[in-house]
Amino acid sequence: MPIVINGVATEVPPDPRVSLLDLLRERLTMTGTKKGCNQGACGACTVLADGERILSCLALAVQYDGRRITTVEGLSENDTLHPLQQAFVEHDGFQCGYCTPGQICSAIGMVAEANRGAPCHVTADLAEETVVLTREQIRERMSGNLCRCGAHNGIVEAIAATYGDGAS
Amino acid sequence: MSENHDAARPAVKTAVGPAPDDWGPGRAPDPLSRHRSGTIGTRVSRVDGPLKVRGAATFAAEFRFDGMVYAALAFSTVPKGRITELDTAAAEGAPGVVLVMTYRNAPKITPLPEWYTEGKAVAGDTLPVMQDDRIHWNGQPIAVVLADTQEQADHAASLIRAGYEPEPAVTSFEQAKAAGRHPTFHYGRPLKTEISDAEAALAAAPVKVDEIYRTPFQNHNAIEPHAVTLAWDGDELVVHDASQAVVHTAWSLGYAFGLRQDQVHVSSPYVGGGFGGKSLWSHHILAAAAAKLAGRPVRAALTREGVYRVVGGRTKTEQRVAIGARPDGGFDALVHTGVVAMGRHNTMPPEPFITSTGSLYAARSFTLEVEAAHMDMLANTFMRAPGEAVGSFGLECAIDELADRLGMDPIELRVRNEPERNPTSGLPFSSRHLLEAYRVGAERFGWTERSPRPGTRSEGEWRVGMGVATASHPYIRLPGGEARITLTADGRVIIDVAAHEMGMGTETTTAIVAAERLGLDLDQVTVRQGDSRLPGLIMAGGAQQTAVIGGAVSAAHRALLAVLIELAGHDSPLAGLRPEEVGCVNGGLHKLEDPSRFESYTDILARAGRGEVSVEASGPPPLELTHWSMRSYGAMFCEARVNAVTGETRISRFLGSFDCGRIMNAKTAASQFRGGIIMGLGLALMEETHLDERHGRIMNPNLAEYHVPVHMDVPEIEVMWTDIPDPHSPMGAHGVGEIGITGVGAAVANAVYNATGRRVRDLPITLDKLL
Amino acid sequence: MRPFTYARAADAADAVRLADGGRARYLGGGTNLVDLARETVERPEALVDVTGLSTAIEEIGGGLLIGAAARNAAVAEHRAVRTRYPALARAIVAGASAQIRNMATVGGNILQRTRCAYFYDDGSRCNKRRPEQGCDAIEGFNRGHAVLGASAACVATHPSDMCVALAAFDATVHLRNADGERTLPITDLHRLPGNRPDLDTVLEPGELITAVELPALALAASSAYRKVRDRASYAFALVSVAAAIEVTDGIVSDVRIALGGVAHKPWRAWTAEAALRGGPATAERFRRAAEEELASAVALRHNAFKIELAERTITTVLTDLAGEQP
């Protein structure tokens with residue numbers, strides 16, 4: 001079975017060492033997904049596998065045979081930005097733009113987790129199954145995505161404005 | 001003024017006349033500095049934003065050449081000595097390998113000269129690159145492997161076996177200091193200032209502090225690792241780089257390979273963060289050499305570990321700060337001296353941690369000095385606000401300690417020592433409103449709620465305290481600014497300038513400024529930057545790009561006015577006017593004294609039968625810097641919580657109140673301030689490069705163990721600014737890229753002291769220091 | 001990364017067969033093994049993907065049986081884990097990042113290797129990576145290293161948060177190899193380093209973790225996990241404590257304590273538990289029990305603070321838990 005990337009089926013590379021990240025960037029020239037550390041410490045390579053956020057640098061492509069992968073390139077249609085992408089622009093949720101695709105994919109996966117009530121480190125009551133995406137919840141849940149330019153406030157605002165407790 | 005407070009904009013746009021020829025004495029301020037129409041100073045989203053959020057902005061490791069191969073590096077494991085054995089056979093025989101390059105087969109490469117030689121050299125050190133068997137630091141590249149895939153190259157590099165004859169190396173700071181402290185220089189001037197006898201004044205002072213402050217090695221850790229994708233085309237070299245100095249890099253690579261600058265084309269349209277680290281390092285040279293040897297284009301994307309092994313960071317400092325004061329708080333003596341670690345072959349100036357100290361306080365005597373202790377390590381380099389970021393930690397903690405001893409509010413102590421002119425140079429200030437920044441910042445932050453007695457406020461397990469510190473960074477405008485303005489028949493302009501977009505918002509700010517100067521809408525301006533073939537020699541460093549580009553664009557604007565009036569000819573309403581008499585508005589020119597004498601750009605060009613008009617000009621030399629003391633200022637307010645059980649520190653509130661001249665783009669400037677502050681929180685609480693002093697090896701060359709702040713570490717950070725234009729700078733603006741990190745370490749440490757009564761004088765403030 | 005072959009196991013028996021007595025390495029989510037292989041610390045020639053094994057979380061004798069391929073995030077999210085073993089859910093969400101928790105399997109989490117910088121660095125000496133080579137951590141940067149149960153050969157710590165809660169709750173691991181199946185208390189699975197720090201666990205070559213079993217444990221329902229670290233999220237523990245306590249009429253009737261970040265294995269605080277059982281549930285007694293647990297601690301140059309930190313954290317966690325007792 002092939003990997004389906006943004007709706008397009010792709011054969012796994014013959015070399016099992018190839019990570020999902022390098023498959024995207026070097027074999028498919030889909031460079032929207034970024035390599036920041038290549039060891040699971042920065043989150044820049046975050047993509048969605050069947051809707052769940054994962055680190056494509058630690059994922060051997062061969063393991064994702066038969067899975068559906070969504071990358072940043074799969075979020076917008078032509079020039080119409082995804083609402084979260086638009087919010088990142090509006091709230092200046094980035095500076096250099098390098099961690100940005102990972103932040104955006106991560107946030108989309110994060111919202112799905114929150115919507116089904118997954119707990120996080122700052123969850124006060126584990127029995128509570130409804131997650132209210134407060135600024136604190138967003139910060140904790142997004143902590144696997146580093147930003148060195150210091151756009152943290154804008155990132156959190158963009159997510160909150162799109163999905164948070166005050167979102168329209 | 002805060003980012004959310006847009007000044008009211010008049011409905012009718014006003015014209016902008018030409019800026020002065022230069023910014024020396026007797027010149028009127030740039031008319032743009034008080035211009036209140038259009039977008040200048042408002043919240044403008046980044047022009048490159050849509051590209052970046054789609055992942056469509058292309059970075060250095062994302063360009064491709066046909067036939068490209070991938071590079072991997074092998075690194076030394078000893079700090080000093082000779083390579084006695086270098087077994088590359090297994091690597092050469094590994095699948096996909098195209099080339100293994102070592103000192104034995106590397107082409108001839110000329111070592112690069114000292115930093116800024118000819119105003120253009122930007123290599124981190126002066127060492128030969130892979131030309132002999134000598135090792136100069138632990139982690140030095142010893143081999144380059146090229147292979148068809150990155151996986152193959154990485155594996156082959158791991159098969160290289162090296163043996164060494166080690167030589168005695170100085171890899172500990174204590175050892176280095178014992179071996180000798182050396183005087184230091186900063187762009188030719190000694191890092192030493194003495195005014196009166198500060199030690200005697202200190203000894204005689206009734207109240208004093210005299211403490212040692214320490215800051216560790218740090219690394220930039222831009223999320224984009226350094227990378228080049230390059231190809232030779234005959235005697236020409238094309239380099240896709242992650243660079244904050246494209247023209248300098250072209251010149252430097254040309255120097256290394258015996259080429260003219262114009263034979264090297266460096267392109268770097270987007271940079272995934274620089275912070276001082278993205279100048280020229282050995283991977284550039286190794287990649288170009290290997291590409292030449294193999295006859296193939298090369299992608300050399302450093303691993304995160306590779307960045308730590310090849311690219312220097314901020315060095316360690318040990319600072320003595322001593323202040324002697326009178327009972328009323330006035331300073332009799334201010335001593336800021338100490339020693340920094342330096343690589344032996346650095347081209348960079350030492351970490352100049354005293355550069356703010358001589359400007360901030362009206363002391364009666366000063367002794368300021370930085371000495372260097374040499375270590376066998378990778379060259380250290382500039383990192384965001386070199387000098388000030390760490391120097392402000394020592395100085396501003398000492399001020400806080402003195403205030404505590406005097407029983408005086410630390411802001412009041414600063415007020416009492418506010419100078420009228422620069423206390424060490426004697427120059428008048430061009431624009432200094434630090435006390436105003438303090439006043440509005442303190443009010444907004446609620447400074448009066450701070451208890452002057454430390455350790456008196458608790459919430460549950462958390463002890464809560466407030467701290468404050470001064471932020472400061474010099475205004476810089478290096479020579480070399482040039483820009484080209486191309487006006488097209490449809491009334492649009494293109495600004496070409498060899499500047500850099502690393503996230504500072506340069507592209508957007510340049511477009512805003514150009515649109516205002518030319519009386520255009522923002523979407524009528526295109527900015528092209530990040531390419532060595534564009535005009536100018538502009539380093540993205542010292543937070544200077546805004547001023548340098550602004551000066552160059554204003555010069556080109558003057559030239560354009562002259563050309564347009566000439567082109568307009570005798571039949572134009574503009575006939576007979578001089579450039580000084582006209583201003584730009586609504587897509588054309590009018591006489592400043594008589595707006596009815598207007599003609600649009602499209603009409604001028606159409607009548608002249610021109611498809612476009614293009615002018616190129618150099619910014620005037622930075623005369624302003626010789627006549628005024630020019631700095632940016634800020635007041636940093638921090639609320640810290642320290643856990644009484646575990647010693648963990650969390651920052652619950654932070655406010656930066658800045659005085660940085662006129663702000664060009666409220667949105668991106670706020671982000672630059674915040675970005676600096678957040679990097680400052682890292683410096684305060686967690687950042688440290690672990691150099692194992694036994695053998696000089698960096699032990700945390702990764703983002704898991706080198707901690708930078710994560711989202712959960714970053715509270716909502718409030719920023720505000722005076723927005724008072726500097727009458728002596730282009731647009732009345734100062735750079736804002738670096739000041740944000742300054743003063744943060746001290747504001748945090750002072751808040752921690754206020755929370756706990758514990759004074760931590762060595763960064764980072766980790767929990768073990770507070771148990 | 002050296003070249004390797006890749007095979008996907010259909011079930012546990014298939015995995016054990018494919019592993020061929022340890023010639024191949026089991027691959028879970030890849031969050032540790034892929035990194036280590038890239039760093040050439042691990043040099044597998046064959047990988048057997050075991051993410052196709054059971055991911056079920058099932059009731060078993062009043063406890064829970066968690067398939068080894070269950071993702072960390074799925075365990076933390078599971079209703080029964082959240083309500084009956086909250087310290088386990090808390091430990092998991094305190095670890096790594098959400099992305100990693102979505103990838104990492106329970107089996108892989110248990111078998112993750114130390115983050116000692118010298119273990120990771122090919123330019124340093126490490127007995128865990130190369131037996132008999134020497135240890136550069138003992139005299140090097142050892143702020144994050146072990147204070148309990150270390151040896152002259154190794155001072156590394158086990159990095160898992162999840163395992164600390166599992167150790168506190170007397171979890172057992174279900175194992176399978178070519179000869180059959182067995183179970184082992186998780187507290188007996190990981191080793192202390194002794195003179196063989198290259199061996200993290202007592203697993204036989206080719207042996208596979210197929211499941212983790214949490215026994216019925218009423219007091220676990222009000223358990224706590226507290227992690228102390230250098231940043232507010234996404235950092236390994238300097239010290240962590242998983243604990244549960246049952247207080248009857250002011251007397252400790254039962255207690256479970258385990259520590260993370262202090263030893264080569266998740267450290268079950270048997271000494272402190274014994275000291276507390278049957279005694280008064282007071283902060284003072286908690287403090288003394290913690291001190292007894294740490295009495296054998298040995299500090300290196302940079303990690304002495306961990307002893308005090310562990311004592312304080314144990315005391316506070318127990319005090320808070322006792323204060324919440326009905």
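Reminder, nothing fancy here: chain letters follow the sequence lines and each chain counts from 1. Every value quoted in this text rests on a predicted model; they were computed, and no experiment measured them.
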Within a strict 4.5 Å, meaning less than it, do heavy atoms of the [X] and [Y] side chains meet?
| X | Y | answer |
| --- | --- | --- |
| A:Asn38 | B:Thr303 | no |
| A:Tyr98 | B:Lys52 | no |
| A:Gln39 | B:Glu305 | no |
| A:Arg17 | B:His155 | yes |
| A:Glu90 | B:Ser45 | yes |
| B:Thr149 | A:Arg27 | yes |
| A:Glu26 | B:Gln150 | no |

Neighbour count above 12 (heavy atom, 6.0 Å) for A:Arg68 CZ:
no
Counting only heavy atoms not in B:Asp66, do more than 12 sit closer than 6.0 Å to its CG atom?
no
Using a 4.5 angstrom heavy-atom cutoff, name the option from [options] with the most pairs to chain A.
| options | answer |
| --- | --- |
| B:Glu151, B:Met68, B:Arg304 | B:Glu151 |
| B:Gln672, B:Lys667, B:Met502 | B:Lys667 |
| B:Pro225, B:Ala704, B:Ala301 | B:Pro225 |
| B:His220, B:Met504, B:Glu705 | B:His220 |

In terms of heavy-atom proximity below 4.5 Å to chain A, should [X] be classed as side chain, backbone, both, or neither?
| X | result |
| --- | --- |
| B:Pro715 | backbone |
| B:Val714 | both |
| B:Thr668 | both |
| B:Phe673 | neither |
| B:Ala227 | neither |
| B:Ile678 | side chain |
| B:Ser671 | both |
| B:Tyr270 | neither |
| B:Glu501 | neither |

Check ion pair B:Glu62-A:Lys34 (N to O, under 4.0 angstrom)
yes
Once rounded to the nearest 0.5 Å, what's the spacing between atom [atom1] of [X] and atom [atom2] of [Y]?
| X | Y | atom1 | atom2 | value |
| --- | --- | --- | --- | --- |
| A:Asp92 | B:Arg43 | CG | CZ | 7.5 Å |
| B:Phe275 | A:Cys96 | CZ | SG | 6.5 Å |
| A:His121 | B:Met712 | NE2 | CE | 6.5 Å |
| B:Ile223 | A:Cys149 | CD1 | SG | 8.0 Å |

Chain B contact via [X] - which portion, at a heavy-atom distance below 4.5 Å:
| X | answer |
| --- | --- |
| A:Thr29 | side chain |
| A:Gln86 | neither |
| A:Ser143 | both |

Here's one to test your reading of the geometry: is the NZ or CZ of B:Arg46 within 45 degrees of the ring axis of A:Phe94 and under 6.0 Å from its centre?
yes
Can you tell which of [options] has the highest number of heavy-atom pairs within less than 4.5 Å of chain B?
| options | result |
| --- | --- |
| A:Gly102, A:Ala41, A:Gly93 | A:Ala41 |
| A:Val18, A:Leu75, A:Asp22 | A:Val18 |
| A:Leu84, A:Ile155, A:Ile138 | A:Ile155 |

Where is the tightest heavy-atom contact between B:Gly55 and A:Pro101, given as atom of each residue plus distance?
CA-CG, 3.8 Å
Output, in order, the C-alpha distance, side-chain angles, deciding distance and verdict of salt bridge (charged side-chain N to carboxylate O under 4.0 Å, His left out) for B:Glu224 and A:Lys35.
CA-CA 7 Å; B:Glu224 179 206 21; A:Lys35 185 185 281 190; over 6 Å; no
Do A:Gln103 and B:His711 pair up side chain to side chain, a donor and an acceptor below 3.5 Å, judged on atom types alone?
yes
Using distance alone, with no hydrogens and no angle criterion, decide if B:Arg674 and A:Asn153 have a side-chain donor and acceptor under 3.5 Å apart.
yes
Pick out which of A:Ile104, A:Val72, A:Thr100, A:Leu81 makes a side chain to side chain contact (heavy atoms under 4.5 Å, CB included) with B:Arg54.
A:Leu81
